Amino acid sequence: MYTTLLTSLDNGIFTITINRPDKLNALNAAVMNDLELAMQEVGVNVDIKSVIITGSGQKGFVAGADITEFQGLTSGEGMDLARKGQNVFFMIENSPKPVVAAVNGFALGGGCELAMACHFRIASENAKFGQPEVNLGLIPGYGGTQRLVQLIGKGRALELLMTGNMVDAQTALQYGLVNYVVPQTELLGKARSILELINTKAPLAVSRCISAANAVFGHGNGFDIEIEAFGECFGTEDMKEGTDAFLQKRKANFSGR
Ligand code: COA
């Protein structure tokens with residue numbers, strides 16, 4: 001049913017594994033479509049009580065949106081991409097069933113944004129988090145500018161957004177970006193044990209914990225501003241230079257245009 005995801009349902013826990021390990025599970029259009037379908041399945045399948053999202057392989061959770069699909073996009077197409085990404089991630093954030101990210105490696109760009117759209121995060125010791133879009137002449141477009149500020153505060157968020165630096169799992173723990181750091185071999189077990197406990201609680205009450213907690217932030221127009229700003233980046237020379245440089249495996253030389 002899915003071309004880019006592996007899924008399994010065991011004892012009420014639905015595990016979604018993004019399965020492009022040779023590309024560090026980068027989010028291309030096919031993955032985003034599959035994630036949308038998977039969240040629809042979560043919504044309608046009464047046997048699913050809770051969800052784990054993780055990445056295939058030992059190195060990457062998700063290393064970002066697929067940069068090869070950025071090339072040649074207009075500003076308007078950039079905005080469409082951000083709108084679609086935000087909508088899929090809103091499905092995760094607003095899922096009435098708990099969704100936990102089991103971050104097993106790099107969670108960069110769209111990968112960090114995906115983890116942040118989940119209700120909470122558990123990381124393996126080798127995990128790394130960051131929003132490196134600025135290296136590409138871009139900004140996050142799948143809700144990252146909003147959720148990073150919500151989760152770790154404005155100062156830390158702006159430092160990560162503007163430097164493009166990565167933080168390791170222990171720093172992510174200290175920032176409150178993840179709830180636990182465990183050895184990679186224990187990652188899925190840890191996520192499962194928390195969800196097994198949640199699955200014994202009243203499902204309607206659990207759903208309302210999620211919707212009430214989400215209401216603290218609301219979906220203000222910061223998300224719309226992000227879509228517009230993300231799209232505007234596609235009209236710049238720097239974005240073309242940044243993505244070309246990544247794909248040619250060289251350092252970008254930005255002109256400010
Ligand atoms: N989009 C498309 N392809 C990606 C990708 C992305 N976001 N991230 C990694 N890949 C691909 C690489 O191009 C490479 O493909 P290749 O083997 O065909 O050349 C493969 O995944 C493995 O990545 P590689 O860069 O060789 O691994 P590494 O261990 O040297 O570096 C990272 C790992 C995560 C530091 C590096 O891949 C990276 O910087 N990725 C981009 C991160 C990013 O900018 N994300 C935000 C996008 S908006």
Side-chain angles (χ1 to χ4, degrees), residues 3-4 17-35 54-73 75 77-86 88-89 101 103-117 123-148 157 159-169 171-172 177 184 223 226-227 229-236 238-254:
T3 57
T4 63
T17 305
I18 299 170
N19 190 33
R20 297 183 75 209
D22 53 326
K23 297 291 176 192
L24 300 180
N25 305 316
L27 302 173
N28 62 9
V31 177
M32 295 306 281
N33 286 337
D34 277 350
L35 277 175
T54 192
S56 182
Q58 269 148 41
K59 195 169 153 189
F61 171 68
V62 167
D66 191 316
I67 296 166
T68 60
E69 292 187 352
F70 285 174
Q71 290 211 304
L73 294 190
S75 289
E77 288 165 340
M79 284 186 215
D80 290 343
L81 191 69
R83 220 170 267 121
K84 162 91 184 191
Q86 285 195 8
V88 175
F89 289 5
V103 180
N104 56 308
F106 288 112
L108 302 178
C112 190
E113 293 174 293
L114 171 63
M116 292 193 294
S124 59
E125 287 163 338
N126 65 321
K128 289 212 161 53
F129 296 80
Q131 296 289 162
E133 287 86 350
V134 76
N135 297 324
L136 303 169
L138 269 173
I139 67 164
Y142 297 175
T145 62
Q146 307 301 294
R147 294 193 182 98
L148 194 61
E159 183 184 341
L160 288 188
L161 291 167
M162 295 191 295
T163 60
N165 281 347
M166 293 183 218
V167 293
D168 62 16
T171 306
L177 189 54
Q184 194 169 54
F223 283 95
E226 184 188 86
I227 288 174
F230 182 79
E232 281 164 7
C233 292
F234 282 81
T236 65
D238 280 349
M239 185 269 168
K240 184 171 181 330
E241 164 63 10
T243 52
D244 282 351
F246 176 79
L247 295 170
Q248 293 161 12
K249 301 186 188 288
R250 63 174 172 82
K251 200 170 171 329
N253 182 15
F254 293 122

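All values reported here derive from a predicted model rather than from experimental measurement. As the structure lists them, so they are numbered: ligands from 1, and atoms in each ligand from 1.
Under the 30°/60° scheme for interplanar angles, the aromatic rings of F230 and Y142 are found to be tilted.
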Between ligand 1 and the protein, which N/O pairs are shorter than 3.5 Å?
residue  : atom   : partner : partner atom : Å
ligand 1 : 1 (N)  : A65     : O            : 3.4
ligand 1 : 1 (N)  : I67     : N            : 2.9
ligand 1 : 7 (N)  : A63     : O            : 3.0
ligand 1 : 7 (N)  : A65     : O            : 2.9
ligand 1 : 15 (O) : K23     : NZ           : 3.3
ligand 1 : 18 (O) : K23     : NZ           : 2.4
ligand 1 : 19 (O) : K249    : NZ           : 3.0
ligand 1 : 29 (O) : K59     : NZ           : 2.8
ligand 1 : 45 (N) : A63     : O            : 3.0

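Here Q131 contributes atom CD and T145 contributes atom OG1; the two are 9.0 Å apart, rounded to the nearest 0.5 Å.
The salt bridge (charged side-chain N to carboxylate O under 4.0 Å, His left out) pairs that include a residue from residues 238-248 are K240-D244, E241-R250, where partners are two or more places apart or lie in different chains.
Nearest heavy atoms, F246 versus L136: CB-CD2, 3.8 Å. When all heavy atoms of L138 and C233 are compared, the closest pair comes out as CD2-CB, 3.5 Å. Nearest heavy atom pair, residue A229 against residue I139, reads CB-CD1, 3.5 Å.
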